[in-house]
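Naming convention: chains lettered A, B, ... in sequence-line order (proteins, then strands); numbering from 1 in each chain. Quick caveat: nothing in here was measured; it's all calculated off a predicted structure.
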Amino acid sequence: MKNVYKFYLLIISFFIVSTFLFATPELKQPFPNYPLYETTLKNGLRVIIYVDSAVPVVSSQLWYNVGAIYDLPYKSGMSHLLEHMDNTKHYKARQISAIVDSLGGEDNAFTSSLYVCYWVDLSKEFYETALKFGAERMVNLVIPKEKFLSERQVVSEERRLGENQPYDKMWEQFDLLFYKFHPYRNPIVGWMDDIQRIELTDLLNHYHNYYTPLNAVCVIAGAAEPQDALTKVEKYFGNIKSKPVTHPIFNEPEQAGEQRMTMSQKVSLPVIAIGFHTCDVTSPDYYILEVLEALLSRGKDSRLYKKAVYEKQYAQQISASNDLERDNGRFYFFAMPKQTNLVDSVEKLIYDELSNIQSLGKDSITNEEMQRVKNQVIANEIFGKDSGRSMGFRIGQQAITTGNLADMVEYPKRIEAVTKDEIRSVIGKYFVPKNRTVVTLLPEGK
Amino acid sequence: MNNIKNQISKIKMTKKSSKLVILIMLFISSVCFATLPISRDSLDIGLKVLAYQTNRLPLIEMRWVAYAGSIYDPVGKEGLANVTNKLLTHGTKVRSAVKISSDIEFVGGALSVGTSYDYATLHIRVLSKNTDLAFDMLSDVLLNSIFSDSEIAKVKNEIIGNIKQGCDYPYDVGWDKLNQLLYKNHPYGHTIDGDTISVTKITRKDIIDFYNKYYTVDNGFLVVAGDFDKTDLLKKITNKFATMRKGKPDTPIASFESGPFAPKSQGYYIYQPELTQSYVFIGVPGIAETSPDYFPARVMNFVLGGSPLTSHLGNAVRETQGLAYDVRSFFDRRLYGGAFVATTQTVNPKKAIGIMLDEITKMNQIGATQDELNRAKTFYIGNFPFNYDATRDKVDLLQNMEIYHKGMDYPEKFTGYIEKVTLNDINQAAKKYLYPNNYLLVIVTNVAKDSLQVQGIEWLN
């Protein structure tokens, strides 16, 4: 009888202890009719679960709020080099990838200016393994000296891959000219000299400073049951202690006047890149610039393609891009004129088109154009949900870049609200010569 | 290569891990494969329709696939298949090129074309509420294109620009040269775009003749995936494509046989002093996608270089030596015979080539281990659901099943195909399809030829 009593006591104790140990915070569904669930663990790890059960796979992604802009001065490429390291206390180099292979999964990682993302896609039966690996990397990363040296060589080769692409050098020079202060001016992979300057201790410090639950977002997208997914996350990450993280703030000083550079290189066709400083991604202007980008260059029916590529045939290709950047955003144009003597014409055509849109004349924005852009946004919203991995990427990027998922969920509504007057107004505000950087790349000897 | 005998004694199967892998394999194969909601219908109008029905999202994607790839280009008119395909979206009897773009883009949809060696495609994507527009558009561009002189000039001009631009990319330069030398006189040997001279020579008559010959109801098929009612779908297709021209072109393509590239390994050297690393390609004639050895060869390649980080090549070139960011090998996917290619980009080509050849030799002479085979098998079986994740993936899956004669029961049988592959099968495939002494090396490099010191190679230039 005593033994039975002890047994029940043990069972009750177990439940009390496990309730304490595995107590999971409440999941919230912040947006009605949107299968997205969210909570934050006690240690600060933000957990976001997006449910799409159409295909029996789950993308498990761990995002860290530390990208290339956090690299130490003269050691650009640190965040990216650290992303390459995968030895841990319990797994040798590439052992995690080998296990993911053997489960039929796919894994990889990427670094941007603002974040690092590690992702593993597995069938829904096995995705817990990805969480286990994510937690292992968060607390138990080790970097053997030999591995550090060989991976630094691998990254040097990765940088050379870029160097041998025809326009990479031009973009690096463009960024240097465009940003005088902000670390956006450095390449994510790092300058070659900087890569060689990075020491093992730099990476270990970087890891200890930033790889902590408080500075991470765990995104689970796919055929996962939300409560079960949270339990699994809690199981592997719940007991990891957090450390405070300091995030640097960078503010690019106002540009003093137009900046121009002409380069020459062995390329077949000339290129022109034109950039304008804009706003932080949280500014309401961001959505207005999104509409402007679509008017100018989304699809063959857009203004720049139709005029520069199709009608006048000045350019082989042309595009406009509104960058999703924190602190100091930019809007830029990229065009490939068919001949060197058409570079000026293409540049003028871009400015003329901005003037046309800004004007109230016959070439100003039509209702049909506005409707097209809005229809495209609504359609893209649906197309974007067509894969768990890509939905996870959108969510993770938003969670790190602005922190507010409403910016993603309410994106179509905000685009819908943009007016023609607002578009005219942002052109006047940002697209002025003083705020402009122009880099031209001409074919050598032509 | 001297270490091969030592390597044999080192290869031992880890009993514990292989048991675990077998358990994983059994589990994966029991959970992954439900019957997919796919169908293949031959309509009274002669059109074959492959469909994948899903209500995951309110969207639909359709793709017309014609056996009208670049292998059908006439000699001297290389690039004709590509020019013809591109022109389909450049004006019909009822829509101008601009109208085609504006109609589809106004509803947030997209219409795109693509030409490969074996086939050409027209792909359309819309929200399912715009299905009627998609059918109207697809049938219009397919049946009513007018190939006006002005649009022909624009398209040719654009392609010539692309060809010029391609010369700026060292990978493309090497890849094109490898194809040209490896496939010799076979139509796989010329680029899909053609060259600036052959494209310039293409006339409106060439285009119309090509279109009339290859864009027929009997020379292609339609793939549809997404949210639709099947009965309604087939009715719409029948209505829209009823007048499509019939006929099957009689243009047989010779098989490109696997085997050694030459009695002795040969090399082609392209010097580009401005580069900061070398682009290395090692190739031999490989296998057709329809070969009975397809699965053993593919599984063998996964172990050798299919998995960039964990394969033999990845481990030896990247992980151990830090010589490259990317190193891999693959069997090029073609209908009438392909190539086996191993490739990397490195600042130290001499060392990297030596290691790659060493690994290819080891695979050819020693083969893989049971553990490696098991891991490759569980990868392919477990990875199969990723082949039908996004709607476009579903279209790709059905397209490839049809093009490469895999049959509609392919998704169900896939596990069996992989499970059946034995260690002996993959090691035989390594002996049959890897030729470490009879390969073609193409290198685009900033390193002097003499410094490369590739053993046993005869330079072609």
Side-chain angles (χ1 to χ4, degrees), chain A residues 52 54-57 93-94 97-98 101-106 121-123 125-126 149-158 160-161 163-166 265-269 298-302 306 309-310 313 316 336 338 368 371-372 375-380 382-383 385-390, chain B residues 21 24 27-28 31-32 54 56-59 97-98 101-102 105-110 125-127 154 157-158 161-162 164-165 167-170 274-277 307 309-310 315 318-326 345-347 374-375 378-386 388-391:
Chain A
D52 173 4
V55 182
V57 295
R94 305 306 172 208
S97 291
D101 277 355
S102 69
L103 295 174
E106 295 170 10
D121 289 359
L122 280 165
S123 71
E125 288 77 16
F126 296 124
L149 294 173
S150 80
E151 210 56 36
R152 197 170 61 178
Q153 269 181 258
V154 168
V155 167
S156 303
E157 292 291 348
E158 189 179 357
R160 289 188 186 101
L161 268 179
E163 288 170 356
N164 295 312
Q165 301 310 302
Q265 193 183 310
K266 195 183 160 203
V267 289
S268 305
L269 298 176
R298 189 174 293 170
K300 290 184 174 177
D301 199 31
S302 59
K306 217 156 52 179
V309 177
Y310 183 74
Q313 296 193 67
Q316 183 71 11
M336 194 176 286
K338 283 185 183 284
E368 198 185 358
Q371 194 54 53
R372 169 174 64 82
N375 290 347
Q376 285 174 333
V377 168
I378 291 163
N380 283 346
I382 293 169
F383 298 141
K385 291 177 182 166
D386 202 14
S387 132
R389 184 197 295 170
S390 55
Chain B
V21 168
I24 291 168
F27 184 67
I28 287 176
V31 296
C32 283
T54 168
R56 181 189 202 175
L57 291 164
L59 61 88
V98 172
S101 306
S102 64
E105 287 172 16
F106 185 76
V107 298
R125 178 176 83 163
V126 290
L127 296 182
K154 278 179 184 160
N157 202 2
E158 180 198 330
N162 288 341
K164 284 181 187 166
Q165 238 191 301
C167 301
D168 297 335
Y169 293 86
E274 68 282 3
L275 295 180
T276 56
Q277 64 183 177
S307 166
L309 293 181
T310 59
N315 185 52
R318 173 176 161 147
E319 295 304 312
T320 308
Q321 298 285 340
L323 286 172
Y325 173 70
D326 180 51
Q345 305 83 41
T346 176
V347 77
N374 291 340
R375 188 164 61 84
T378 53
F379 169 77
Y380 278 119
I381 294 170
N383 195 257
F384 195 78
F386 293 99
Y388 55 89
D389 183 3
T391 309

- Nearest heavy atoms of A:Gly104 and B:Phe386, plus distance in Å: O-CE1, 3.6 Å
- Which atom of B:Gly108 lies closest to which atom of A:Ala379, heavy atoms considered: O-CB, 3.5 Å
- Item | Nearest-0.5 Å distance that lies between atom CG in B:Leu309 and atom OG in A:Ser97 | 5.0 Å
- With no hydrogens and no angle check, do the side chains of B:Asn162 and A:Gln316 hold a donor and an acceptor under 3.5 Å apart? yes
- One should read off an interatomic distance between A:Ser268 OG and B:Lys164 NZ, to the nearest 0.5 angstrom, of 8.0 Å
- Message: Please classify the contact between A:Asp121 and chain B as side chain, backbone, both or neither, with a heavy-atom cut-off of under 4.5 Å.
- Response: both
- Query: Checking A:Asn164 against chain B: side chain, backbone, both or neither under 4.5 Å from a heavy atom?
  - Reply: both
- When B:Ala110, B:Ser307, B:Ala324 are compared by non-hydrogen pairs under 4.5 Å with chain A, the top option: B:Ala324
- Might you point out which heavy atoms bring A:Tyr310 and B:Val98 nearest each other, and give the distance in Å? CE2-CG2, 3.6 Å
- Query: Does any heavy atom of chain B fall under 4.5 Å from the side chain of A:Ser302, the backbone, both, or neither of them?
  - Reply: backbone
- Heavy-atom proximity to chain B below 4.5 Å, by part of A:Arg298: backbone
- Closest-packed option against chain A by number of heavy-atom pairs under 4.5 Å, given B:Leu323, B:Thr54, B:Thr320, B:Asn315: B:Leu323
- Task: Heavy atoms only, distances under 4.5 angstrom: which of A:Met336, A:Arg389, A:Lys306 has the most pairs with chain B? Name it, please.
- Result: A:Met336
- Item | Per-residue contact mode, A:Gln265 against chain B (heavy atom under 4.5 angstrom) | neither
- Message: Could you tell me if the side chain of B:Arg56 sits less than 4.5 Å from the side chain of A:Asp386, heavy atoms only?
- Response: yes
- List in chain and number order the residues that pass salt bridge (Lys or Arg N to Asp or Glu O under 4.0 Å) with A:Arg372, two or more places apart in sequence or in another chain; answer none if no residue qualifies. A:Asp301
- Item | Closest non-hydrogen atom pair, B:Thr310 against A:Ala98 | CG2-N, 3.7 Å
- Query: With only heavy atoms counted, which part of A:Leu122 is less than 4.5 Å from chain B, the side chain, the backbone, both or neither?
  - Reply: backbone
- Sidechain-backbone polar pair: A:Ser150 side chain, B:Gly322 backbone, donor-acceptor under 3.5 Å: no
- Message: Heavy-atom pairs under 4.5 Å with chain B - which of A:Val154, A:Asp52, A:Ile382 has more of them than the others?
- Response: A:Val154
- Decide whether A:Glu163 and B:Thr276 meet the rule of one side-chain donor and one side-chain acceptor closer than 3.5 Å. yes
- Message: Measuring only between side-chain heavy atoms, which start at C-beta, is A:Gln376 closer than 4.5 Å to B:Glu105?
- Response: yes
- Query: Would a 4.5 Å heavy-atom cut-off, applied to side chains only, mark A:Phe383 and B:Leu59 as touching?
  - Reply: yes
- Any donor-acceptor N/O pair, A:Asp101 side chain to B:Phe379 backbone, under 3.5 Å: no
- Begin with the C-alpha distance, continue with both residues' side-chain angles, and end with the deciding distance and a verdict on salt bridge (Lys or Arg N to Asp or Glu O under 4.0 Å) for A:Lys266 and B:Asp168. CA-CA 8 Å; A:Lys266 195 183 160 203; B:Asp168 297 335; over 6 Å; no
- Message: Name the residue from A:Glu151, A:Gln153, A:Glu157 that meets the side chain to side chain donor-acceptor pair (under 3.5 Å) definition with B:Arg318.
- Response: A:Glu151
- What is the minimum heavy-atom distance between B:Pro385 and A:Val55, and which atoms define it? O-CG1, 3.8 Å
- Task: Please confirm whether the backbone N or O of A:Lys300 pairs with a side-chain atom of B:Ser101, one donor and one acceptor, at under 3.5 Å?
- Result: no
- Message: Within the supplied structure, the quantity of interest is the number of heavy atoms (other residues, nucleotides, ligands) at a distance under 6.0 Å from A:Glu368 CD; does it exceed 12?
- Response: no
- Task: Provide the closest heavy-atom pair for A:Gln313 versus B:Asn157 in the form atom of the first, atom of the second, distance.
- Result: OE1-ND2, 3.2 Å
- Answer with side chain, backbone, both or neither: which region of B:Val347 has an atom nearer than 4.5 Å to a non-hydrogen atom of chain A? both
- What distance do A:Leu161 atom CG and B:Gln277 atom CD have between them, rounded to the nearest 0.5 Å? 4.5 Å
